[in-house]
Protein chains: 2
Amino acid sequence: MSLEHAILGFLNYIPLTGYDLKKAFDASVHHFWPADQSQIYRTLARLTEQGWVEVKVIQRENRPPRRVYSLTEAGQEELRCWLTSLLPPEDARIPWLVQVFFAGLLSDDEILAIFERVAKQLRAKLQRAHKIPEESAAYVEAVGSPRETFFWMLTLDYRIKIMEAELAWIEDAIKRLQRKDQPPAEQQQ
Amino acid sequence: MSLEHAILGFLNYIPLTGYDLKKAFDASVHHFWPADQSQIYRTLARLTEQGWVEVKVIQRENRPPRRVYSLTEAGQEELRCWLTSLLPPEDARIPWLVQVFFAGLLSDDEILAIFERVAKQLRAKLQRAHKIPEESAAYVEAVGSPRETFFWMLTLDYRIKIMEAELAWIEDAIKRLQRKDQPPAEQQQ
DNA sequence: ATATTATATATGACCAATCCTATAATAGCA
DNA sequence: TGCTATTATAGGATTGGTCATATATAATAT
């Protein structure tokens, strides 16, 4: 499971609390692996049971204890093992394509309106994605080595390339719908 | 939820049993929305409760009854409504990128081996995807109108375009790793 | 002075999806 | 004759993830 191993990955850099981990996720990998706060805490508990991480509890009066997690040797091994494993090919789950698949039921004008709307949404997302490297530059410099940064930027590049491909696809689809070189909408009531 | 609406979509074409629906999913939308058999049955039960579909139970001696589901008017309305709705932007969940993000921990040779392996897997998947239209040609002709087929093929085209972009990205990453124009792997024990 | 945000952990309820299993008859094949 | 695939429905257990909420203090902003 990826959440588990992402946590191991972060703890491999440096010991962290659950709270710190949440911030680390939000600042870097959340583009391809968002993490829920409560899930992080529960997963940390599981990882501790499994012996892959260990806790140092720092008591503080009148406040919840600060629980700082660090990787054990077993955890390091597990991380290494998972990183070199070939993951089973994911089967995609893309709600938007379900809409496209059944779009024939709608009129061409309705479909065009929807496609344009989605294209617009995508363009905005792409623009935001392009800005991420600059925005997180300070954080990147502070936190990561050049090597770590290289792979971070690789993952960002992936997201951008995929979004560009999505945009190209939808723009092409719009053109085809406008040119009416697709089968006409027949007998709609 | 997309499973619900995909079922409504299929039942909008023609009344079907849970079993038929499973076959319909596997023959078409499973590329972007795989459906578990038991989940289809459970969802049909929920949809019936909600009044979006209705059942005609055909009793047969000594066998489980054949339950044929069809869309109600409320179901048709719901489907139309959902098809024209703007879905909230999904946040991706890509386990493979978690591996990439933490790959810095491995040696360049290990990383290259993994990337090549993934590229190979992708190329095989792409080739298979290219063959789908021909393979399902008979089914498509039998089942769908030209208009329905158009949108079906659009969804296939999406998958192919995305996979091509993924492949281009990973091939570029491999080149960069080979050219060593990325930061070197420092002090690995 | 007051309200909000940040720090920090944790539980309960819930949901979609997966996996496994049970049932039971028929059709086709070896 | 016996084996497997097909037709057909369905429930239990589990997992991964989400949402809401509770608690409690310090720092910061209005």
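Convention: sequence-line order gives letters A, B, ...; per-chain numbering from 1.
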Please check the phosphate of [N] (OP1 and OP2 only) for any side-chain N or O of [X] closer than 4.0 Å.
{"X": "K23(B)", "N": "dA8(D)", "value": "no"}
{"X": "Y19(A)", "N": "dT7(C)", "value": "yes"}
{"X": "Q39(A)", "N": "dG16(D)", "value": "no"}
{"X": "R67(B)", "N": "dT9(D)", "value": "no"}

Please list, by residue number, the residues of residues 40-49 of chain B whose heavy atoms come closer than 4.0 Å to an atom of DNA chain D; answer none if no residue qualifies.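 Per residue number, the list reads Y41(B), R42(B).
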Within the side chain of [X], is there an N or O that forms a donor-acceptor pair under 3.5 Å with the backbone of [Y]?
{"X": "R147(A)", "Y": "G104(B)", "value": "yes"}
{"X": "E110(A)", "Y": "S107(A)", "value": "yes"}
{"X": "R159(B)", "Y": "F32(B)", "value": "no"}
{"X": "E166(B)", "Y": "K161(A)", "value": "no"}
{"X": "T72(B)", "Y": "W52(B)", "value": "yes"}
{"X": "E148(A)", "Y": "S145(A)", "value": "yes"}

Of the candidate nucleotides [options], which contains the atom at the shortest distance from the side chain of [X]?
{"X": "Q37(A)", "options": "dG17(D), dA8(C), dA10(C)", "answer": "dA10(C)"}
{"X": "R66(A)", "options": "dA8(D), dG17(D), dA8(C)", "answer": "dA8(C)"}
{"X": "R93(B)", "options": "dT18(D), dT18(C), dT9(D)", "answer": "dT18(D)"}
{"X": "M1(A)", "options": "dA8(C), dA8(D), dG16(D)", "answer": "dG16(D)"}
{"X": "S38(A)", "options": "dT18(D), dA10(D), dA17(C)", "answer": "dT18(D)"}

Show me, pair by pair, the donor-acceptor contacts under 3.5 angstrom made by side chains of residues 35-44 of chain A, not counting sequence neighbours?
from: D36(A); atom 1: OD2; to: S38(A); atom 2: N; distance (Å): 3.1
from: D36(A); atom 1: OD2; to: S38(A); atom 2: OG; distance (Å): 2.5
from: Y41(A); atom 1: OH; to: Y19(A); atom 2: N; distance (Å): 3.2
from: T43(A); atom 1: OG1; to: Q39(A); atom 2: O; distance (Å): 2.7

Write down the distance between [atom1] ([X]) and [atom2] ([N]), rounded to a whole number of angstrom.
{"X": "D36(B)", "N": "dA10(D)", "atom1": "CG", "atom2": "P", "result": "15 Å"}
{"X": "K22(B)", "N": "dA10(D)", "atom1": "NZ", "atom2": "P", "result": "16 Å"}
{"X": "L21(A)", "N": "dA10(C)", "atom1": "CG", "atom2": "C1'", "result": "15 Å"}
{"X": "L16(B)", "N": "dA8(D)", "atom1": "CG", "atom2": "C1'", "result": "14 Å"}
{"X": "H30(A)", "N": "dG17(D)", "atom1": "NE2", "atom2": "P", "result": "16 Å"}
{"X": "D26(A)", "N": "dT5(C)", "atom1": "CG", "atom2": "P", "result": "17 Å"}
{"X": "E4(B)", "N": "dC15(C)", "atom1": "CD", "atom2": "P", "result": "11 Å"}
{"X": "E90(A)", "N": "dT18(C)", "atom1": "CD", "atom2": "P", "result": "11 Å"}

Is the W96(B)-F115(B) ring centre distance short of 6.0 angstrom?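 They qualify: ring centres under 6.0 Å apart.
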More 5' along DNA chain C: A35(B) or V68(A), using each one's nearest nucleotide? V68(A)
Taking the nucleotide of DNA chain D with the closest heavy atom to each, which residue, Y69(B) or W33(A), is nearer the 5' end?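 Nearest-nucleotide comparison on DNA chain D picks Y69(B).
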